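Residues: numbered from 1 along the sequence shown. The model shown is predicted, which means the values in this text are computed figures rather than measured ones.
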Amino acid sequence: MTVRRLSAGLVAVALLTPGVAACTTSGEAGPSATPSATATATGAASEADTEAKQALLDSTREIRNGNFRFTMSGAGSVMEGQVHQPSQTAEMRVRLGESTDDLAISLDVIHAKPDSWVKLDLQGQAASGVPGADRLNLGKYHHLDQSRIQGNRSLGFDFDKVDPAGSEALTQAVTDVRRTGDGAYAGTLDLSKAADAGSLDPSVVTALGAEAKSVPFTATTDAQGRLTEMVIRLPEGGRPAGQEIRVTYSDYGNATEATKPPADQVVEAPPELYNLFD
């Protein structure tokens, strides 16, 4: 049985960050990395690349308003949710691991400032071996101590930095980009300049070494120029090798207020919960 570290801060994907010790039965690599996009050396191409990069930088502005739905996926983990800044609420549903793994964890996280709750579902033959499993796998929401989750990429949420994926940091790390179609882009990122983005695991960026400075990506925007998808392909030398990180955004301006869990479905989080995500 192999052990891998996953996190909701994917997956928060996102996803490839350390946080939850999950036991898996397979260690297969993801799809192989695609070649990076390269720009031509003509002056016209350089001008077009400058315009393309500016378009990507502009594409994240609407995210700052904190009213959207999103998904993040990678390394066998998936997060989907919404942010609704007008009501100071957010909610995320996270799956860590696959159904065939020895341990798979699902989380339903709700933030309604100043409170947060998480409901866990531990599955697989190793679930009973998780410390405090009998106190965690209750089918109820655990009310979280904000002093224990501040800065925690798996359980916390900062309403001053409303994008769980950190796409603004990713677009600022673009080193080369070209327009490949209407609202479509391809190029390379210097991930060493965006290691704090929620969709990246800093330890993976470090492990990539020099390869982190030229990682291929694609991106799309909608008719209003707003980011709708970014896909990053980690090089084969990455950990996990050749994995794809995918982030999507939708329903700009149409997210809704998250619903707080009913009082009879809430318990205070035990110490084992915080230890699980340290």
Side-chain angles (χ1 to χ4, degrees), residues 5-22 66-72 77-97 103-124 126-166 196-202 255-278:
R5 301 282 291 181
L6 298 174
S7 159
L10 189 181
V11 62
V13 150
L15 286 179
L16 302 177
T17 62
V20 179
N67 193 331
F68 57 86
R69 291 184 172 86
F70 71 94
T71 68
M72 293 192 285
S77 302
V78 178
M79 171 189 279
E80 61 178 357
Q82 65 171 354
V83 177
H84 191 249
Q85 181 74 288
S87 63
Q88 295 276 273
T89 65
E91 56 186 337
M92 295 91 176
R93 292 167 298 281
V94 185
R95 187 190 78 237
L96 304 175
L103 176 63
I105 304 179
S106 296
L107 303 92
D108 188 349
V109 187
I110 299 175
H111 301 283
K113 197 174 181 179
D115 292 298
S116 300
W117 304 264
V118 61
K119 181 167 67 175
L120 282 79
D121 182 18
L122 308 175
Q123 297 181 341
S128 60
V130 173
D134 57 332
R135 303 181 65 189
L136 299 173
N137 225 11
L138 299 176
K140 292 189 174 184
Y141 285 89
H142 297 269
H143 182 250
L144 300 171
D145 181 346
Q146 294 297 314
S147 68
R148 298 287 300 273
I149 66 173
Q150 185 175 7
N152 186 303
R153 298 176 72 183
S154 297
L155 298 176
F157 188 81
D158 186 350
F159 281 97
D160 292 325
K161 299 178 181 178
V162 295
D163 182 12
D196 291 336
S199 51
L200 298 178
D201 178 355
T256 57
E257 181 176 357
T259 302
K260 300 178 183 179
D264 63 353
Q265 293 298 308
V266 174
V267 296
E268 288 300 318
E272 291 88 347
L273 188 146
Y274 300 106
N275 293 339
L276 186 65
F277 292 93
D278 280 345

Q: Take V109 and H111 through the side-chain contact (heavy atoms from CB on, under 4.5 Å) test and state the conclusion after the steps.
A: CA-CA 7 Å; V109 187; H111 301 283; 3.4 Å; yes
Q: Could you give me the CA-CA distance, side-chain angles and deciding distance for K140 and V266, then say whether side-chain contact (heavy atoms from CB on, under 4.5 Å) is met?
A: CA-CA 6 Å; K140 292 189 174 184; V266 174; over 6 Å; no
Q. Would a 4.5 Å heavy-atom cut-off, applied to side chains only, mark H84 and N67 as touching?
A. yes
Q | Distance in Å, E268 CD paired with W117 CH2, rounded so as to fall on 0.5 Å steps | A | 10.5 Å
Q) For the residue pair P270 and L136, what are the closest heavy atoms and their distance? A) CG-CD2, 3.9 Å
Q) Which value, rounded to the nearest 0.5 Å, describes the distance between F70 atom CZ and M92 atom CE? A) 4.5 Å
**Q.** For L122 against N137, the heavy-atom pair lying closest together
**A.** N-OD1, 2.9 Å
Q. Tell me, do F157 and P164 make a side-chain contact under 4.5 Å, heavy atoms counted?
A. yes
Q: Using a 4.5 Å cut-off on heavy atoms from C-beta on, say whether the side chain of L107 contacts that of F277.
A: yes
Q) Going by heavy atoms in the side chains, are L273 and L155 under 4.5 Å from each other? A) yes
Q) Around atom CD of Q150, are there more than 12 heavy atoms of other residues, nucleotides or ligands at under 6.0 Å? A) no
(Q) So which atom in L200 and which in P202 form the shortest heavy-atom distance, rounded to 0.1 Å? (A) O-CD, 3.5 Å
Q: Measure across S77 and G97 and return the closest heavy-atom pair with its distance rounded to 0.1 Å.
A: OG-N, 3.9 Å
Q. Within the distance-only criterion (no hydrogens, no angle test), does the side chain of Q85 pair as donor or acceptor with the backbone N or O of F159 below 3.5 angstrom?
A. yes
Q. Measuring from S106:OG to K119:NZ, what's the distance to the nearest 0.5 Å?
A. 10.5 Å
Q) Given side chains that start at C-beta, do those of L120 and L276 come closer than 4.5 Å, heavy atoms only? A) yes
Q) Looking only at heavy atoms, which two atoms of R148 and Y274 are closest? And how far apart? A) NH2-CB, 3.2 Å
Q. Are Q88 and P114 side-chain neighbours, meaning at least one heavy-atom pair lies under 4.5 Å?
A. no
Q: Taking the side chain as every heavy atom from C-beta outward, state whether Q146 and S116 have any atom pair closer than 4.5 Å.
A: yes
(Q) Hydrogens and angles aside, do T256 and Q82 bring a side-chain donor and acceptor to less than 3.5 Å of each other? (A) yes
Q: Rounded to the nearest 0.5 Å, what's the gap from CG on D108 to NE2 on H142? Could you check?
A: 11.5 Å
Q. Are there more than 12 heavy atoms of other residues, nucleotides or ligands under 6.0 Å from atom CG of D196?
A. no
Q: Taking the side chain as every heavy atom from C-beta outward, state whether I105 and D121 have any atom pair closer than 4.5 Å.
A: no
Q | Heavy-atom pair of closest approach, residues A133 and A127 | A | CB-O, 3.5 Å
